[in-house]
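Excluded from the calculations below are hydrogen atoms, water molecules and symmetry mates; all remaining heavy atoms, backbone and side chain alike, are included.
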Amino acid sequence: RIYEEGRESIPEHPYLFETDVEICLIGSSCKSPIERFWNGNNMIYILQKAQHNEESDSMEESKPDDAIYASELLPKESSAPVALSVRRAKQLISLYTMVQNPNMTHLKISELVVLPPLWIRCDGSDPEHTCWLGAEPLRAGNKIAGINFYMVTCDGPTADKTCFANLEELKMAHKMKHHSSIVMTKGFAQYEFIRATAIEDTIVESESNIYVDITWNNVDKILETPSLTSAAMLNITLESGDPRSPVYQLYRELQFLLDLAKGLKTGVTQWPEPLESESAVELVQEFLTDLKKKLDGYYISGNSNETEKIKCDTAAVDSSIKSIFSERGDLDFAEQLWCKMRSVSSYQELVECFTLIIKSLERGEIQPWIHQGSSSLLSKLIQQSYHGKIEVVSLSGIAPIQMLLEIGLDKMKKDYVSFFIGQELATLTYLDYFISTSVDLQEQVHRVQKLHHMLEIMVSCAVLLQFKHENLFPLTQICMKYYKENPLNEKHAFQLPIRPALVKKFYQNAHPEIWKVDVSSGHGQKEVKTTWQVSTNPPVEHMTSNNTGLFSDSTVNGSGEERMYFITMAKCSQVHFT
């Protein structure tokens with residue numbers, strides 16, 4: 001029944017079977033918790049131990065044999081999945097197999113249905129420390145011909161390499177079990193770069209992760225380093241706002257823009273703490289006074305305080321890297337005002353600043369230069385001042401906040417456009433979606449956030465991985481395509497196929513986070529596979545250090561220098577019904 005309902009739409013919540021089992025149906029578009037050990041891409045059942053509150057006990061007793069759906073039986077959002085005992089898992093696998101076996105005529109099942117594959121979380125309570133049991137129907141047209149059984153076991157973590165498998169022994173064991181004369185091997189390794197390139201003695205809490213997945217055929221030995229002929233996929237998940245980033249000052253500028261946008265939406269604005277020795281009003285007054293002194297009405301200060309330069313306090317970023325992103329030198333009047341008024345610390349101060357500016361425009365004391373194409377209210381007032389008359393503007397309510405937000409948006413859009421076009425990573429036409437003024441201000445701010453996230457990704461790859469244009473260009477296209485279709489998501493992993501030689505120096509002497517070998521034989525549905533894997537993190541989310549005899553903290557000869565690995569083994573066997 002769950003399968004039939006799932007064909008319409010995948011259920012959001014699990015179902016309860018009997019009193020102790022949760023059944024989750026996972027669609028092909030969702031991330032599979034078993035993807036490391038099984039490469040199917042259809043919907044699957046995941047079974048785990050039910051977690052529910054005491055109030056549901058009476059409901060369980062009333063319908064002990066039914067699969068029921070009830071929100072009150074669901075686990076808390078924060079709770080991790082809980083495994084079933086290996087014994088219970090084997091019972092469930094037996095039931096699943098039996099109801100699909102056409103030879104079980106005594107069950108009097110009118111119509112046999114080929115169900116999705118079944119995977120059960122196990123608690124490792126058996127001697128092998130089983131963490132998953134799985135079953136997958138073997139099809140013959142629309143009928144079932146047999147079942148593929150899977151068993152995943154896990155030990156560790158340990159640094160004792162004598163516990164590691166021998167590749168030749170793995171291949172021999174596979175041949176004997178599956179009566180195969182020829183086996184193939186395929187390797188997989190994952191290396192993290194963001195930590196490897198982190199600056200020493202600097203600890204920054206971050207969700208960022210840059211890593212490469214490398215696959216190759218014909219493995220020669222356990223833990224071998226991938227060759228340069230391997231296939232590699234770079235994965236980038238980057239959280240904006242790392243203080244070590246060359247664009248950190250721009251990130252802070254964006255945060256002020258976001259505060260203004262939030263204030264416009266909610267009516268409550270979070271003003272920044274004053275950082276300058278001079279107030280925003282004093283900075284604006286000095287700026288206007290200087291403009292009055294210029295006969296040509298245009299002024300760019302040589303003072304380093306006029307426009308904030310991008311700073312990075314780490315030795316890892318040299319002068320050539322700083323040139324990747326630098327402050328534009330063509331800031332117009334409104335953009336320079338934004339730089340002054342970013343230090344505004346109250347609504348009253350904001351009103352005073354705009355009062356000074358509008359009075360100077362009304363009196364004709366300044367005739368500042370502005371970029372063409374600006375749609376901000378201040379730009380319109382400036383253009384009107386060229387003709388000697390400007391409209392009356394009310395500096396009350398949200399009007400001053402919106403005016404400041406508009407000039408900030410204009411300025412930051414040009415900053416990002418300047419980078420992407422200057423580095424020849426995109427054309428103005430391709431950037432049009434991100435800088436369009438045909439949507440409301442809140443959506444414009446959201447799109448500027450996307451631009452900043454893409455900028456952070458490009459700069460990080462250029463700084464940390466020394467990527468050149470030939471690699472940054474396709475990565476930019478991938479990011480822009482994603483962000484034209486999706487909302488801002490700093491947890492999304494952007495993927496870029498690369499040549500291993502591009503990142504060889506980062507991984508050739510490094511320990512992999514995951515290293516895996518698949519030994520396989522047969523083809524199509526007759527393919528059988530044995531997988532051996534080591535990983536620095538637990539391979540399954542439902543196993544914790546509380547599991548007795550599992551995940552013990554052990555080192556070899558008391559040395560803490562060796563990399564600690566979890567050792568995982570996945571085996572399969574086939575049973576044919578006919």
Inspect the contact between [Y] and [X] and indicate whether a charged nitrogen and a carboxylate oxygen are less than 4.0 angstrom apart.
{"X": "Glu470", "Y": "Lys468", "result": "no"}
{"X": "Lys450", "Y": "Glu490", "result": "no"}
{"X": "Glu541", "Y": "Arg121", "result": "yes"}
{"X": "Glu239", "Y": "Lys491", "result": "no"}

Could you tell me if the ring centre of Tyr482 sits under 6.0 Å from that of Phe494?
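When the ring centroids of Tyr482 and Phe494 are compared, they turn out to be within the sub-6.0 Å range.
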If you take the centroid of each ring, where Trp contributes its six-membered ring, are Trp515 and Tyr191 closer together than 6.0 Å?
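So the answer is no for these two rings.
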In terms of ring plane angle, is the pair His452 and Tyr416 parallel, tilted or perpendicular, where the classes change at 30° and 60°?
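Rings of His452 and Tyr416: perpendicular, as their planes differ by over 60°.
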Calculate, to the nearest 0.5 Å, the distance between atoms OG and CD belonging to Ser279 and Glu349 respectively.
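Separation between the atoms: 5.0 Å.
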Enter the distance from Leu260:CG to Ile407:CD1 here, rounded to the nearest 0.5 Å.
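Between Leu260 CG and Ile407 CD1, I get 9.5 Å after rounding to 0.5 Å.
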Derivation and outcome, side-chain hydrogen bond (donor to acceptor under 3.5 Å, both in side chains), residues Ser374 and Asp410:
CA-CA 7 Å; Ser374 174; Asp410 273 355; 2.5 Å; yes
Please determine whether ring-ring contact (aromatic ring centres under 6.0 Å, His included) holds for the pair Phe287 and Phe333, giving the CA-CA distance in whole Å, both sets of side-chain angles, and the decisive distance to 0.1 Å.
CA-CA 10 Å; Phe287 181 48; Phe333 172 75; 5.6 Å; yes
Quiz question: by atom type and distance under 3.5 Å, do the side chains of Ser396 and Ser394 form a donor-acceptor pair?
yes
Would you check if there is a donor-acceptor pair between the side chains of Gln190 and Lys516 at a distance under 3.5 Å?
no
Could you walk me through whether Lys411 and Gln336 pass side-chain hydrogen bond (donor to acceptor under 3.5 Å, both in side chains), step by step?
CA-CA 9 Å; Lys411 189 263 183 187; Gln336 290 185 68; over 6 Å; no
